[in-house]
Amino acid sequence: MMEEAVEKEYILNMHGNYSETVIDHARNPRNVGNIPNCDGFGQCSGECGDTIGIWLSVKNERITRATFWTDGCGATIACGSMITELVTGRPVAEAKKINRDTLLHALGGLPEDHVHCAALAADTLAEALQDYHELARFPWKKAYMK
Ligand code: FES
């Protein structure tokens, strides 16, 4: 499914308004897919109708692996790719500080009409971290995860 998204012509035609970093991450997204039996999961949909999901593996309060999936635009793919790169290897407490602006900065900015893609990715990360805390408090809930 992701391959199809990456093939979309508009991604291949992304230029001008987008930084080199955004174009690179949109065309060659890192950390695509899910993590079976993950320690935290979040999913959000924006008003534009796009959805992004983020999966986390955590060991000793440190994020050891982070992955994402989206059906969204090229900018959202770049946001999912970059935000999972940013949190990998970080303590959970530090990952919580990553917000829309941290992500925009790491990506070299986004055009005004795509700033919401970074907000969506940051909200999804926050949800995955919240889920991590829930699962850590109530480990039996993991048994009910899809
Ligand atoms: Fe909606 Fe990118 S256009 S998340």
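FYI, side chains are in, hydrogens and waters are out, and symmetry mates aren't considered; it's all heavy atoms of this structure. When a ligand or atom number is given, it counts from 1 through the structure's own listing order. What you see is a predicted model; the values in this text were computed from it and never measured.
Atom 1 (Fe) of ligand 1 is closest to atom OD2 of Asp50 (considering only N, O or S atoms).
Side-chain contact between Leu129 and Ile63: present, with at least one pair of heavy atoms (C-beta onward) separated by less than 4.5 Å. Looking at Asn17 and His114, their side chains never come closer than 4.5 Å, going by heavy atoms from C-beta outward. Between Phe68 and Ile52, the closest side-chain pair of non-hydrogen atoms falls below 4.5 Å.
Short contacts between ligand 1 and Cys117, defined as distances under 4.0 Å to a heavy atom of the residue, involve ligand atoms 2 (Fe), 3 (S), 4 (S). Listed by number with element, the atoms of ligand 1 under 4.0 angstrom from any heavy atom of His116 are 1 (Fe), 2 (Fe), 3 (S), 4 (S).
Salt bridge status for Asp39 with Arg65: absent, with no side-chain N to carboxylate O gap under 4.0 Å.
Asn99 and Thr102 are linked by a side-chain donor-acceptor pair at a separation below 3.5 angstrom, with hydrogens and angles left out of the test.
Draw a line from atom 2 (Fe) of ligand 1 to SG of Cys73 and another to OG1 of Thr76, and the angle between them is 70° (to 10°).
Looking from atom 1 (Fe) of ligand 1 to the surrounding protein, the closest heavy atom is Cys48 SG, 2.1 Å.
Backbone or side-chain N, O or S atoms of Cys79 do not reach atom 2 (Fe) of ligand 1 at under 2.8 Å.
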